[in-house]
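One structure is given here, and the rest of the page talks about it.
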Amino acid sequence: EQRELGVRLGKLLQMTRPGRPMALPPGYRSALSVRDTEAAIKFIKDRFQDSLASSLGLRRVSAPIAVQAKSGINDELTGVERPVRFLMKETGEEAEIVQSLAKWKRMALADYGFLPGEGLYADMNAIRPDEKLDQLHSVYVDQWDWERVMKPGERHLGHLKEAVKAIYRVVRDTERAVCKRHPQLGRPVLPAKVSFIHAEDLEESYPELSPQEREDAICRARGAVFLI
């Protein structure tokens, strides 16, 4: 069973390696119809957001799709990606489609008056025109974003690991639920627990491999990994 898991993960990693051309592997066939795929996506998003909010003590808030260019709220990612800009007819001011909510989330925590131990999450929709396209990356971004006010004494590795474990339990539970709802997807592949490894230890374990190849190798070996 462990070998089968490694093979299935290996195929998935080959399909999703960053920079890989956007093409389906030979012989690929979707297990679900287009309609069932959309139903499965909605099921995953609904179940995941409810479980994540419950597990981490988060409240959903509405996120902006565009912000004033001069506000400095839009995250520039690595500093070279161009945001999509347009002029607002009513004010004549320049606005930008968000690329990330990193800065906005911290402002929102203060604006909404969240207390230590509380947090927010949002369904972020963004456009990243300079994104390098592959099996996992698109110009259009639809992802969950969350932020939480830390309590005094929580800024340590142990707390980080507990948060990761909580999120992983939600991900694994969602995978099992969607596979049960759509049995044609096959058996769930995620292991019971997520493994932790430091980047330095990973390099020592696979010194002959590139950084991406090391991540592929450790994921094949352990199934689910959080890199510190």
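By convention here, the first residue in the shown sequence is residue 1.
In this structure a side-chain-to-backbone donor-acceptor pair under 3.5 Å is missing from Ser55 to Ser51. Using a distance-only test at 3.5 Å, with no hydrogens or angles considered, a donor-acceptor pair links the side chain of Asn74 to the main chain of Gln99. Looking only at distances, no side-chain donor or acceptor of His182 sits under 3.5 Å from a matching main-chain atom of Gln184. Asp130 contributes a side-chain N or O that, together with a main-chain N or O of Arg82, makes up a donor-acceptor pair within less than 3.5 Å. Within the 3.5 Å criterion, the main-chain N or O of His159 finds a donor-acceptor partner in the side chain of His156. Glu213 contributes a side-chain N or O that, together with a main-chain N or O of Ser210, makes up a donor-acceptor pair within less than 3.5 Å. Although no hydrogens or angles enter the test, the distance criterion places no donor-acceptor pair under 3.5 Å between the side chain of Glu215 and the main chain of Gln212.
In this structure, CG on Leu32 lies 4.5 Å from OG1 on Thr37, to the nearest 0.5 angstrom. Here the OG atom belonging to Ser205 is positioned 12.0 Å from the NE2 atom belonging to His198, to the nearest 0.5 angstrom. Within the model, atoms CG of Leu190 and OH of Tyr168 stand 4.0 Å from one another, a figure rounded to the nearest 0.5 Å. With values rounded to the nearest 0.5 angstrom, Ser62 atom OG is found 10.0 Å from Asp123 atom CG. How far CD1 of Ile167 is from CZ of Phe226: 8.0 Å, rounded to the nearest 0.5 Å.
A salt bridge (Lys or Arg N to Asp or Glu O under 4.0 Å) with Glu147 is found for one member of Arg106, Lys103, Arg59 and no other, namely Arg106.
Between Val170 and Leu52 the shortest heavy-atom distance is CG1-N, 3.9 Å. Of all non-hydrogen atoms in Met150 and Pro116, the two that sit nearest each other are O-CB, 3.9 Å. The shortest heavy-atom contact between Leu120 and Leu58 is N-CD2, 3.9 Å. When all heavy atoms are compared, the tightest approach of Leu185 to Ala31 is CD2-CB, 4.1 Å.
For Lys45, the NZ atom counts as densely surrounded, since its 6.0 Å shell holds more than 12 non-hydrogen atoms of other residues, nucleotides or ligands. Annotation: Glu208, atom CD; neighbour count of heavy atoms from other residues, nucleotides and ligands within 6.0 Å is above 12.
Between Phe114 and Tyr112, the ring-plane angle classifies as tilted under the 30° and 60° cut-offs.
Side-chain atoms of Ile97 and Pro129, non-hydrogen and from C-beta on, never get closer than 4.5 Å to each other. No side-chain heavy atom of Leu56 sits less than 4.5 Å from a side-chain heavy atom of Tyr121. Between Glu162 and Lys165 there is a side-chain heavy-atom pair separated by less than 4.5 Å. Between Ile228 and Ile197 the shortest side-chain heavy-atom distance does not fall below 4.5 Å. Within the 4.5 Å cutoff, the side chain of Val67 has heavy atoms near those of the Pro64 side chain. Using a 4.5 Å heavy-atom threshold, the side chains of Leu202 and Ile218 count as touching. The side-chain heavy atoms of Arg214 and Pro207, taken from C-beta on, include no pair separated by under 4.5 Å. Contact check for Lys132 versus His137: no side-chain heavy atoms found under the 4.5 Å cut-off.
Salt bridge present: Glu154 and Arg148 bring a charged side-chain N and a carboxylate O closer than 4.0 Å. Between Glu93 and Lys70 there is a salt bridge, since a side-chain N of the basic residue sits under 4.0 Å from a carboxylate O of the acidic one. A salt bridge does not link Arg169 with Asp173: none of the charged nitrogens is closer than 4.0 Å to a carboxylate oxygen.
In this structure, Lys161 is positioned above the aromatic face of Phe196, its NZ or CZ under 6.0 Å from the six-membered ring centre and within 45° of the axis.
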